[in-house]
Amino acid sequence: MIKRYLTFFAIIVTCGLRLVSQAVDHQHDSPTYAQHEHNEHDGHDHSGHNHDGHDHSGHAHTAPANAQPHAASHDDHAEFDAKATAFHHISDLNVYNIGPWNLPLPCILYASGQGLSFFSSSKFGIDNAHHGSGHYAIDRYVLNEGKVMRIIEPTFPMGKVEIDGFATQETEVDGKKKYIDLVNYQGVPLPLEKSSTADGGIFGGGITGFYDLSISKNVFAMLLVIGLMSLVFISMARHYKRAPGTAPKGAQKLFEPIILFLQDEVAKPFLGEKYARFMPLLLAIFFFILGLNLFGQIPFLGAANVTGNLAVTMVLAILVFIVVNLNGNWHYWQHILWMPGIPAAVKIFVLTPVEILGVIIKPVTLMLRLFANITAGHMVITIFIGLIFIFGKSGESPGAAYGASIGSVLLTLFMMAIELLVAFIQAYVFTLLTASYIGAATEEHHHGHEEASH
Amino acid sequence: MGGSIVAIGMGLAAIGAGIGVGMIGGKALEAIARQPEAIGDIRANMILTAALVEGAALIAIILAYLVA
Amino acid sequence: MDSIILLSMDFSPIKPNFGLLLWTVIVFLIFWLIIGKLAFKPIIKALNDRANDIQDSLNAAKTAREEMKSLISENERISAEAREEKMRIIRDAKESANALIAEARDKAKEEAQRIVTNAKADIENAKKAALVDVKNQVGAMAIDIAETVIRQKLSADSEQQDYIKRLVEEIKVN
């Protein structure tokens with residue numbers, strides 16, 4: 001037994017060391033590449049490499065020509081920024097990155113003055129060594145680290161235009177650091193805008209000049225996973241129809257206990273007699289979340305952070321909100337708006353606002369819980385792997401990197417095991433809470449009175 | 001400096017959730033020890049409650065991020 | 001990591017992109033409504049049908065077992081009855097046989113008694129007859145003897161006459 005554990009441990013450590021040695025090799029290579037990049041930049045805009053801490057004026061974005069492009073980590077010694085790396089790895093991209101490769105995905109972009117553009121992100125000339133930044137601007141769109149952005153400048157030529165590179169500018173607005181992405185074109189840094197987001201500015205996004213409706217990395221992963229699962233489920237259903245009453249086989253054996261578990265442990269206790277109506281929704285929610293949670297955890301397959309994206313969980317939560325409130329019976333609404341047996345003043349000033357708030361908070365917590373759990377898992381794994389580079393000081397001390405890799409790999413492995421558990425638990429919890437919300441909204445009258453009297 | 005205050009807030013949120021989840025787990029174990037036949041119900045409720053507590057912590061962390 | 005600047009320092013997953021929102025709505029609605037109709041509903045129906053099937057089979061097996069049990073008890077009752085009947089018949093037969101035997105024995109005893117009694121009576125009779133006969137014969141013989149004796153001595157004196165008289169008296173006494 002101990003021997004087996006030792007073998008297992010040895011395999012892990014070997015894998016980790018190989019990973020590190022590759023990474024360190026890569027790091028040793030990088031200065032030359034960086035130099036190359038510098039030269040390219042130097043030809044056009046030397047100021048892009050001045051690590052100028054004082055020059056971010058705060059008004060730079062209003063006058064792009066005067067901006068002092070400044071890079072957060074633009075020194076000759078590339079410094080590993082764990083936070084930025086983690087943010088990059090969990091974000092949605094317009095390329096599908098597997099290992100060092102960035103595979104092109106279709107871009108569907110809409111800008112108000114410009115109409116709909118449809119092309120493959122390979123047209124940007126993806127540079128695999130630079131996290132998938134593009135070499136060209138297409139109709140004012142550029143690919144910055146795998147993400148499509150748009151050049152605000154209206155005088156910028158349309159069509160395919162070669163660009164020199166990207167930079168970022170740090171500005172301070174109301175004491176908060178803000179980063180503005182810039183593209184270098186013919187020696188002039190031009191500010192970029194990100195695609196529009198639906199958060200209404202709460203999270204720093206908002207409506208910008210263009211909409212990104214592309215088949216992005218997350219959409220691609222979603223289509224892939226949901227397509228595969230659909231095929232599996234349809235073939236399962238076909239088998240049930242063809243040979244009813246026979247023993248399960250293949251995928252049936254895997255999914256049947258899960259479906260029965262959801263039916264008997266989630267749907268029936270909360271929904272009672274009406275459970276059959278909501279089973280497709282509950283199963284869809286569960287398998288949608290579980291499939292994408294698990295797909296996101298497969299190493300070297302892009303690790304698409306689909307369920308860790310607020311857009312995805314927001315859609316799920318809004319659909320749950322709609323289903324719950326459409327199915328809410330008179331009793332449910334009575335309890336929210338005009339709870340019987342309570343003084344009117346209390347109802348108007350306390351209870352009803354609180355209940356209405358509760359109706360909104362329930363789906364919001366659903367949305368945030370799934371999003372935060374999955375995002376946190378992805379980030380923690382990225383940062384644990386990043387420990388290797390933090391200890392290795394970007395290739396300066398490979399010894400420390402080797403040492404850190406052992407701990408890092410073990411920590412990552414532990415985290416992955418936890419994440420596997422979290423993938424199931426979050427899918428289960430989301431389904432369970434959906435069932436309980438629907439159950440509370442569709443509860444029969446007399447049940448409610450019993451509860452109220454207690 | 002804002003970042004470090006946010007970090008304290010996140011830590012506090014994690015502490016609260018940690019205590020909560022720990023108590024849930026401990027009580028659940030006690031309950032299972034007392035009534036091993038009810039393990040299924042206890043586990044389901046334990047996970048549900050733990051998820052709710054954890055949700056509160058995660059919302060706190062996101063709010064901390066927003067305020068930062 | 002290479003020196004490329006990680007430009008996008010923002011926490012983008014928290015900003016819901018319109019494209020991702022749109023595609024998620026499309027994909028999830030397809031998964032819910034179409035796959036739900038094509039796959040989930042038939043699967044749930046098949047599973048419930050099978051569960052009901054199994055329940056029905058179990059119930060049928062239960063009733064069959066109960067029937068079997070009642071059949072077995074019926075059989076047992078019948079065989080017990082038969083056994084009792086048999087016992088009763090045997091007992092009756094034994095009883096009647098015993099009665100017959102006893103009767104026969106009594107009869108035989110009676111007969112034997114009767115025979116013995118008859119025989120005894122016969123013997124008595126025969127004995128009596130024989131005695132009479134013997135007496136008669138003895139008398140005759142005595143007479144004969146006496147005759148002879150008398151013949152020989154009758155001529156004699158009165159003494160002899162006395163003697164004869166005595167003799168006759170003796171015989172009379174007998």
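If you're wondering where the values come from, they're calculated on a predicted model, not measured in any experiment. Here is how names work: the chains are called A, B, and so on, in the same order as the sequence lines, proteins then strands, and each is numbered from 1.
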Is it the case that over 12 heavy atoms from other parts of the model lie below 6.0 angstrom from the CD atom of C:E81? yes
Here the pair of heavy atoms bringing A:A311 nearest to C:L21 is O-CD2, 3.4 Å
What part of A:I207 gets within 4.5 angstrom of chain C, counting heavy atoms only: side chain, backbone, both, or neither? side chain
Starting from the C-alpha separation in whole Å, work towards a yes-or-no answer on side-chain contact (heavy atoms from CB on, under 4.5 Å) for A:T197 and C:F18. CA-CA 6 Å; A:T197 57; C:F18 279 105; 5.6 Å; no
Under 4.5 Å from a heavy atom of chain C, the part of A:F233 involved: both
Is any residue of residues 32-39 of chain C within less than 4.5 Å of chain A by heavy atoms, and which ones? C:W32, C:I35, C:G36, C:L38, C:A39
Contact origin within A:S196 toward chain C - heavy atom pairs under 4.5 Å: both
Choice from A:Q263, A:M229, A:H239, A:M236 maximising heavy atom contacts with chain C below 4.5 Å: A:Q263
Nearest heavy-atom contact between A:A237 and C:P42 is CB-CB, 4.1 Å
Whatever's closer than 4.5 Å to a heavy atom in chain C on A:F287 counts as both
Between the OG atom in C:S12 and the NZ atom in A:K147, the distance rounded to the nearest 0.5 Å is 6.0 Å
Rounded at 0.5 Å granularity, tell me how far CG in C:L20 sits from CG in A:N309. 4.5 Å
Honestly, the part of A:F220 sitting under 4.5 Å from a heavy atom of chain C is neither
Mind ranking A:L109, A:I215, A:N305 by heavy-atom pairs under 4.5 Å with chain C and telling me who comes out on top? A:I215
Look up atom CG in C:L47 and atom CG in A:L260, then write down how far apart they are to the nearest 0.5 Å. 5.0 Å
Heavy-atom neighbours of C:E84 CD exceed 12 at 6.0 Å: no
Heavy-atom pairs under 4.5 Å with chain A: which of C:I30, C:L22, C:V25 has the most? C:V25
Determine the interplanar angle of the C:F31 and A:F288 rings, folded into 0 to 90°, and report it as parallel if under 30°, tilted if 30 to 60°, perpendicular if over 60°. tilted
Interface check, chain C: of A:R238, A:E256, A:M279, most non-hydrogen pairs under 4.5 Å belong to A:E256
List the residues meeting salt bridge (Lys or Arg N to Asp or Glu O under 4.0 Å) with A:K268, not counting sequence neighbours, and say none if there are none. A:D264
When C:K41, C:K45, C:R50 are compared by non-hydrogen pairs under 4.5 Å with chain A, the top option: C:R50
When only pairs under 4.5 Å are counted, which of A:T313, A:V232, A:L316 shares the most heavy-atom pairs with chain C? A:L316
So which residue, A:I108, A:L281, A:I90, A:D199, ends up with the most heavy-atom pairs under 4.5 Å with chain C? A:L281
What residue in A:P280, A:A284, A:S216 has the most heavy-atom pairs under 4.5 Å with chain C? A:A284
Only residue of A:V315, A:L319, A:V219 satisfying side chain to side chain contact (heavy atoms under 4.5 Å, CB included) with C:T24 is A:V315
Looking only at non-hydrogen atoms, find the nearest pair between A:L310 and C:I14 and report the distance. CD2-O, 3.3 Å
Working to the nearest 0.5 Å, report the span between CZ of C:F40 and CZ of A:F255. 9.0 Å
In terms of heavy-atom pairs under 4.5 Å with chain A, which of C:I54, C:V27, C:L29 leads? C:V27
In Å and rounded to the nearest 0.5 Å, what is the CG to OG distance from C:N17 to A:S214? 8.0 Å
